[in-house]
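Just below is one structure, and these are the notes that go with it.
Because the structure is a prediction, the values reported are computed rather than measured.
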Amino acid sequence: MRGAPASIQMNVICIMMDTFRRDHMSCYGNPWIQTPNLEAFARGGARFDNAYIGSYPCMPARQDLWTGRLNFLRRGWSPLEYDQDDLVTLVKQHEHVSMLITDHYHLWQYGSGNYHFGFDGVEMIRGQEADNWITNADIPIDYPASPEKLNRNWAKYRRNTKHFRAEEDYFAGQVFQKAMDWVEHNQTLEDFFLLIDNFDPHEPFDPPASYADLYNPGYQGESIIWPRYGTADRFSPDELKQIHALYCGEVTYVDHWFGKFYRKLQELNLLEDTMVIVTSDHGFLFGEHNWVGKHARILYHDIARTPLLVQAPGIAPGTVYNELVQMADLTPTILDALEIHVPQSIQGCSLLPLWQAGASAGDDIRSRHEILFGVFGGPMYCTDGEWLLVKKPREGNHPLYWYTRSHYNNWDFGQQNFSEDAKERLKIWDGNRFPVQYENAHPGHAAPAMLRRPEDYRTHIQKPEDELYHIASDPLQQSDKKNTNRAVLAHMKQLMSASMEKLDAPEEQWARLGLARR
């Protein structure tokens, strides 16, 4: 049984910053990228040193936050299920005012966009990435680099942002200014839940010029603001350096506007009874492992470890926590802070017991020994903080089922969901799930392949061997230990299986991964 909620009611502000690598923050030890405001925020509260992703990438991570469950065990990039408890609906049912301020266009994008339905108020800043917004044919499209080096949606993004002039026009400036305006006008509320979902520093890496020039001044070559994902050796060393410099400029730009928002909270004396959470969904590779992008061969630590910073009443300034935590743990944490009973369906563990007596216990975060993470249909990952197991699927990656009771189509980059595909899936839907497959069992986050023939139910596995890393001494994952540490490999498989049981993973996941149940 879940315990009683927290005894001190408070406001909650949760700030998501997409694709923010934790090792690019000074509070996590980076010596050269300017993030003074996030560092000051970390000094005033708690830093979590073992925070990881749960479900990968962007929208699966948000489904973990909305539901408090690891959704990658059952489905991939998809809308919220209509018959499942979610954070925002629970907040609304308990009559707390909720607000979403975001430029994260996937939240309302066709195929994934029902995440905003439950909020009392929503502020949507349009135009990020491939948002279907401006179509004006009279806007000239300029290319900062050869088109083949840029994402295929560059023209759409350029139309959406051609009018930007001052840094207030850029996305983080718009998002945090709207957030400042909102807290100014709502400071007298008895309590509230504010979710700020800021797409930056996600690509396109397009900060205002003064920030773009900070980390590679004098660069004269092609500026690959929105690189296509793929091997890093497609680019010259100077081009790679510029891609990374643009991202670092984006990081500092986000930090600057976060600082403005944080100072507004201080001016309004809101921090005395407000929990503020700052986190991200995943990282990015800038040439590490010969890759640019996030959909690498496996989910390396640069992608899988996330920043998590929290200020709240009861947290001593400068606290560092080493507990294993991930996105789904924020759900019961927020509910506890708002004095909302945590449903049994939520799998995450509240963080409040770390600093507040009387918070709901459930499965106490302090007794957790391992966590799972991954992407639907791909390898599964298990870490105990010292070792990391990468468990590959068996040849065929079969059986694999997509669990849903309300959505039969899936998101794709074209923002097109075709009724013909949904009708085909309904033919093989049993009221709870339908079989799916991915090419080479290496999904990114687009729709799985349509199954039309018996041979479509299986796929070839590239590099099927499991991998084992001693991440405590090898965080860059350069030395696979599976052949030299057999006992550890067996132990980590046992931990993975035990964790899957606790998370009520579908039965076929054991068969797909070739794991023995305890």
Side-chain angles (χ1 to χ4, degrees), residues 11-20 22 48 51-81 84-93 96 98-109 112-119 122 175 192-199 202 275-283 304-310 312 324-338 340 342-343 345-352 360 362 365 371-376 411 445 503:
N11 308 313
V12 178
I13 300 173
C14 183
I15 303 172
M16 293 274 287
M17 299 177 179
D18 203 297
T19 316
F20 208 133
R22 57 173 270 171
F48 288 78
Y52 280 82
I53 64 174
S55 301
Y56 169 90
C58 307
M59 292 313 296
R62 282 155 182 81
Q63 191 157 143
D64 284 8
L65 175 62
W66 261 251
T67 66
R69 300 174 62 86
L70 286 181
N71 91 91
F72 85 90
L73 294 170
R74 292 171 174 81
R75 69 184 70 85
W77 188 297
S78 57
L80 295 172
E81 293 291 311
Q84 189 174 39
D85 287 325
D86 72 85
L87 170 65
V88 183
T89 300
L90 288 167
V91 169
K92 188 178 185 68
Q93 287 174 344
H96 301 279
S98 61
M99 181 69 186
L100 171 66
I101 299 174
T102 184
D103 63 335
H104 198 291
Y105 74 106
H106 297 313
L107 289 167
W108 61 83
Q109 186 180 31
S112 60
N114 65 350
Y115 288 75
H116 60 289
F117 287 174
F119 287 91
V122 181
V175 169
F192 60 78
F193 171 51
L194 171 61
L195 177 59
I196 302 171
D197 197 346
N198 186 71
F199 200 60
H202 190 292
M275 174 190 291
V276 183
I277 301 167
V278 176
T279 192
S280 184
D281 49 2
H282 54 72
R305 288 204 302 178
T306 57
L308 177 58
L309 310 172
V310 181
L324 290 163
V325 300
Q326 52 192 163
M327 187 70 76
D329 298 322
L330 299 183
T331 315
T333 303
I334 293 167
L335 293 173
D336 265 355
L338 293 171
I340 298 172
V342 179
S345 61
I346 286 181
Q347 298 170 333
C349 297
S350 175
L351 305 181
L352 262 66
S360 70
I365 189 73
I371 55 172
L372 299 183
F373 60 89
V375 57
F376 177 77
W411 184 90
H445 55 273
L503 294 167

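By the 4.5 Å heavy-atom criterion applied to side chains, L87 and L195 are not counted as neighbours. A 4.5 Å side-chain heavy-atom check between I13 and F192 finds at least one atom pair inside the cut-off. Using a 4.5 Å heavy-atom cutoff, the side chains of D329 and Q326 are in contact. Side-chain contact between D18 and H282 is present, with heavy atoms from C-beta onward closer than 4.5 Å. Side chains of C58 and H104 form a contact here, defined as non-hydrogen atoms less than 4.5 Å apart. The shortest distance between side-chain heavy atoms of T102 and W108 falls below 4.5 Å. By the 4.5 Å heavy-atom criterion applied to side chains, T89 and D85 are not counted as neighbours. With a 4.5 Å cut-off on side-chain heavy atoms, V122 and L107 do not count as touching.
Using bins of under 30°, 30° to 60° and over 60° for the plane-to-plane angle, the ring pair Y115/W66 lands in the perpendicular bin. Aromatic ring pairs are classed by plane angle as parallel below 30°, tilted from 30° to 60° and perpendicular above 60°; the pair F199 and H202 is parallel.
Residue A328 comes nearest to P332 through the heavy atom pair O-CD, 3.1 Å, listed as atom of the first residue, atom of the second, then distance. Heavy atoms only, all atoms of each residue included: I340 and L90 are closest at CD1-O, 3.9 Å. Across all their heavy atoms, S350 and D336 have their closest contact at OG-OD2, 2.7 Å. Contact detail for L352 and A337: the closest heavy-atom pair is CD2-N, 4.0 Å. Between G76 and P60 the shortest heavy-atom distance is C-CG, 4.1 Å. Nearest heavy atoms, S98 versus V88: OG-CG1, 4.4 Å.
Note that CG of L70 is 5.5 Å distant from CG of L503, once rounded to the nearest 0.5 Å. Taking CE from M275 and SG from C14, the interatomic distance works out to 10.0 Å, rounded to the nearest 0.5 Å. For the atom pair I53 CD1 and T279 OG1, the distance stands at 11.5 Å (nearest 0.5 Å). One distance of note links CG of N11 with CG of L338; it measures 8.0 Å at 0.5 Å rounding. For the atom pair N71 CG and Q347 CD, the distance stands at 10.0 Å (nearest 0.5 Å).
No donor-acceptor distance shorter than 3.5 angstrom exists from the side chain of D197 to the backbone of M17, with no hydrogens or angles considered. Checking side-chain atoms of S55 against main-chain N and O of D64 turns up no donor-acceptor pair under 3.5 Å.
Across Y52, Y56, F72, a single residue satisfies ring pair (Phe, Tyr, Trp, His ring centres under 6.0 Å) together with F373, and that is Y52. Applying the side-chain contact (heavy atoms from CB on, under 4.5 Å) test between I277 and each of L308, I196, I15, L309 identifies L308 as the sole match.
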> Yes or no on side-chain contact (heavy atoms from CB on, under 4.5 Å) for M59 and W77, after CA distance, side-chain angles and deciding distance?
Replying inline: CA-CA 6 Å; M59 292 313 296; W77 188 297; 3.2 Å; yes
>> Assess the residue pair L351 and L330 against the criterion (side-chain contact (heavy atoms from CB on, under 4.5 Å)); give the C-alpha distance rounded to whole Å, side-chain angles, the decisive distance to 0.1 Å, and a yes or no.
In response: CA-CA 7 Å; L351 305 181; L330 299 183; 4.1 Å; yes
> Could you go step by step and tell me if R62 and H106 meet the side-chain contact (heavy atoms from CB on, under 4.5 Å) rule?
Replying inline: CA-CA 10 Å; R62 282 155 182 81; H106 297 313; over 6 Å; no
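The side chain to side chain contact (heavy atoms under 4.5 Å, CB included) check on T67 picks up Q63, R69, L80, Q84, with sequence neighbours excluded.
Applying the salt bridge (Lys or Arg N to Asp or Glu O under 4.0 Å) test to pairs two or more places apart or on separate chains, none has a residue in residues 98-107.
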